[in-house]
Amino acid sequence: MSQKQTLSFQAEVAQLLHLVTHSLYSNKEIFLRELISNASDACDKLRFEALHQPGLYEDAPKLEVRVSFDKDARTLTIADTGIGLSQQEAIDNLGTIAKSGTREFMNRLSGDQKADAQLIGQFGVGFYSGFIVADRITVESRRAGLKPEEGVRWVSGGAGDFEVETITRAQRGTSVTLHLREDALDYLSSWKLKSIIGRYSDHIALPILMRKEEWKEGEDGKPGEHLLSEEWETVNQATALWARPKKDITPEQYREFYKSVSHDYEDPLAWSHNRVEGSTEYTQLLFIPSHAPFDLWNREKAAGVKLYVKRVFIMDDAEALLPAYLRFVKGVVDSADLPLNVSRELLQESRDVKAIREGNTRRVLSMLEDLAKAEREEGAGEEDKGRFAKFYGEFGAVLKEGLGEDAANRERIAKLLRFASTASDTVAVSLADYKARMKEGQDAIYYITGDTQAAAANSPQLEIFRKKGIEVLYMTDRVDEWALSYLNEFEGTPLQSVAKGQVDLGKLQDEAEKKAAEEAAESFKPVLAKLKEALKDKAQDVRVTTRLVDSPACLVVSDGGMSLQLARLLKQAGQ
Ligand code: ADP
Ligand code: MG
């Protein structure tokens, strides 16, 4: 491909670009964050590939990002010394939407321009956000390891297509040049660029360089002006945020960092930053998001924890660092004890990784315990009050998977569970709350499963419990049935489904009731025999019950049997 080629964007890209370029909104400056984060990712990729192939550094080992501008040409350039793009990669990666976050974004578009514009501002749409401020973008790049003649130039005006051609480019890496729109010329200012970099990109572990400015006094009555010198200076802190002492990091910086590692646009609910010492040493910086991603239910999509070894980025989504039931957690783990060339397979077996995983798990659980505690503390602020409930609404069902998955922490997880019940319409009853309200003589925690709270609440199986004023928990999450099968008891009290077997209300039943029940059983014997005969293919047993008050009959499952709810679930799943 030496000639210029014109190619079309994937349809979704064209749609996105149209939106980006036709929306006016207040948060334009995020384009710089997106482009710098791409530059930084490209440097991380080079560093990682070079672990096995040191030749990729060529003769330029420095990894850095340079931001420069040209007032006359009205261009702004972000250049990196990262991995670069081959021609095919430029076509593939800059012409299609690969990023899952962007897809989610596309799915959320409402068609209302104003609302959508706001959404872009929050999300950041990666590379394409350049078109917010530019009416043309030129990307020049050469992939590390390729010959200088194998460089690529990619140019697009952000409409339906882009051009690519082969160029010769001595230096490895990518430079992205934005030809600024008339209304974006204020980005041609060192001061402005520095302040944006400070706000969004300070935590980037690479140096971000800009030309130094010098003040030139005006001569002959002309006003003075800032001139760019030939010298470059580093304008960010250029140390990984997690490697800095906690006391030097502001909440705002943590939030920005979170947004950049998670691609989330909302603030996290909580975070925890620790240097863990002991036989395995590592730094953990873990965040709990405030809302669930669209693919939360995909267990294959592993946790959002990035693994670094001595500040070198090793991999995204290091699932070995957290159990699947905590896959909503985002953050970074940096260990000095793992080898740099660690692979996913090796990770699974490493003793150090096991220790880190356990440490992370404990840390997340204790963050959740803190949130839960803060919610109930006297004098808790409104914000504290809502936080655990918010967490639980978004991730409670995932957390429950932990009952089955993490036997070692089952008790701790059980304490974090919340349910709605016959005594509470909101999902706020903990097992401990329930126990504290148990009736004298009650020796089990009763629950009922159902597709919805309303369905559960209307079940005839609850009648006797209502009558006696015994609270019953509603289990209406799809995972409840499965998860609860791992939780036989809570602090010594068994959990008992009201829909299973003989409900033995034990001491809660008075003598008269027991006697009446026995008599009824006796006098109904002939009827029961007939019913059994009539239902012999359909029901295992037919009995007289004390569990109903108003309804004539109900279905129950034998004690060891699969519950109706689970049976329905399996049927839906085609089993
Ligand atoms: P994301 O960064 O989430 O993957 P972007 O839209 O920001 O999505 O970027 C799309 C892709 O373009 C990247 O995944 C990467 O492959 C490529 N890319 C963008 N900028 C650079 C760069 N500076 N160097 C190398 N590749 C880049
Ligand atoms: Mg990006």
Side-chain angles (χ1 to χ4, degrees), residues 7 9-10 12-17 19-20 30-50 56 60 63-68 76-106 120 122-134 137-146 150-156 158 162 164 169 171-178 200-201 203-204 206 208-209 256-257 259-265 293 295 301 304 306 313 315-317 330:
L7 297 163
F9 284 118
Q10 183 194 30
E12 281 125 313
V13 176
Q15 191 190 340
L16 180 65
L17 283 172
L19 187 79
V20 166
I30 54 132
F31 80 90
L32 192 58
R33 167 187 81 191
E34 297 297 325
L35 297 180
I36 289 178
S37 110
N38 284 352
S40 162
D41 291 347
C43 291
D44 279 347
K45 278 183 208 155
L46 175 63
R47 192 156 22 192
F48 183 63
E49 285 191 22
L56 291 180
L63 296 177
E64 59 186 27
V65 184
R66 287 176 192 248
V67 177
S68 59
L76 175 60
T77 299
I78 294 97
D80 65 66
T81 54
I83 190 76
L85 291 156
S86 68
Q87 292 164 9
Q88 195 57 46
E89 284 169 335
I91 293 172
D92 293 344
N93 299 341
L94 304 180
T96 54
I97 295 182
K99 181 163 99 171
S100 53
T102 310
R103 277 234 196 81
E104 185 199 1
F105 165 81
M106 301 289 291
I120 313 175
Q122 293 170 333
F123 245 101
V125 287
F127 174 76
Y128 303 111
S129 59
F131 287 106
I132 298 171
V133 293
I137 299 183
T138 306
V139 178
E140 294 191 345
S141 188
R142 177 172 65 78
R143 200 180 200 286
L146 294 182
E150 296 179 291
V152 59
R153 177 183 294 128
W154 178 104
V155 183
S156 176
F162 58 92
V164 273
R169 183 177 154 95
Q171 70 275 37
R172 160 199 86 225
T174 304
S175 76
V176 176
T177 297
L178 307 171
Y200 293 119
S201 307
H203 63 267
I204 297 273
L206 295 169
I208 300 170
L209 301 165
E256 269 314 319
F257 180 75
K259 289 179 186 171
S260 87
V261 290
S262 65
H263 290 297
D264 192 0
Y265 53 91
D295 55 355
K301 169 164 182 320
K306 292 181 196 267
F313 172 75
M315 67 180 81
D316 266 326
D317 301 340
K330 307 278 180 196

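Atoms within each ligand, like the ligands themselves, are counted from 1 in listed order.
To the nearest 0.5 Å, atom CG of residue Leu35 and atom CG of residue Leu178 are 6.0 Å apart.
Shown in contact with Asn93 at under 4.0 Å from a heavy atom are these atoms of ligand 1, numbered in order with element: 10 (C), 11 (C), 12 (O), 16 (O), 17 (C). Distances below 4.0 Å separate heavy atoms of Leu94 from the following atoms of ligand 1: 12 (O). Within the listing of ligand 1, atoms 5 (P), 6 (O), 7 (O) sit less than 4.0 angstrom from a heavy atom of Phe127. Shown in contact with Gly126 at under 4.0 Å from a heavy atom are these atoms of ligand 1, numbered in order with element: 5 (P), 6 (O), 7 (O).
A donor-acceptor pair under 3.5 Å is formed between the side chain of Arg172 and the backbone N or O of Ala60. Using a distance-only test at 3.5 Å, with no hydrogens or angles considered, no donor-acceptor pair links the side chain of Arg33 to the main chain of Tyr200.
Of all heavy-atom pairs between Phe162 and Ser156, the closest is CB-CB, 3.6 Å. Taking each heavy atom of Glu64 and Thr81 in turn, the nearest pair found is N-OG1, 3.0 Å.
The nearest N, O or S atom of Ser37 is not closer to the Mg ion (ligand 2) than 2.8 Å.
When Ser175, Ala42, Ser37, Ser40 are checked for heavy-atom proximity to atom 25 (C) of ligand 1, Ala42 turns out nearest.
Checked by distance only, ligand 1 and Thr174 come closer than 3.5 Å through their nitrogen or oxygen atoms.
Ring geometry, Phe127 versus Trp154: the interplanar angle exceeds 60°, so the pair is classed perpendicular (tilted spans 30 to 60°).
With a 4.0 Å cut-off on non-hydrogen atoms, Asp80 touches ligand 1 through its side chain and not its backbone.
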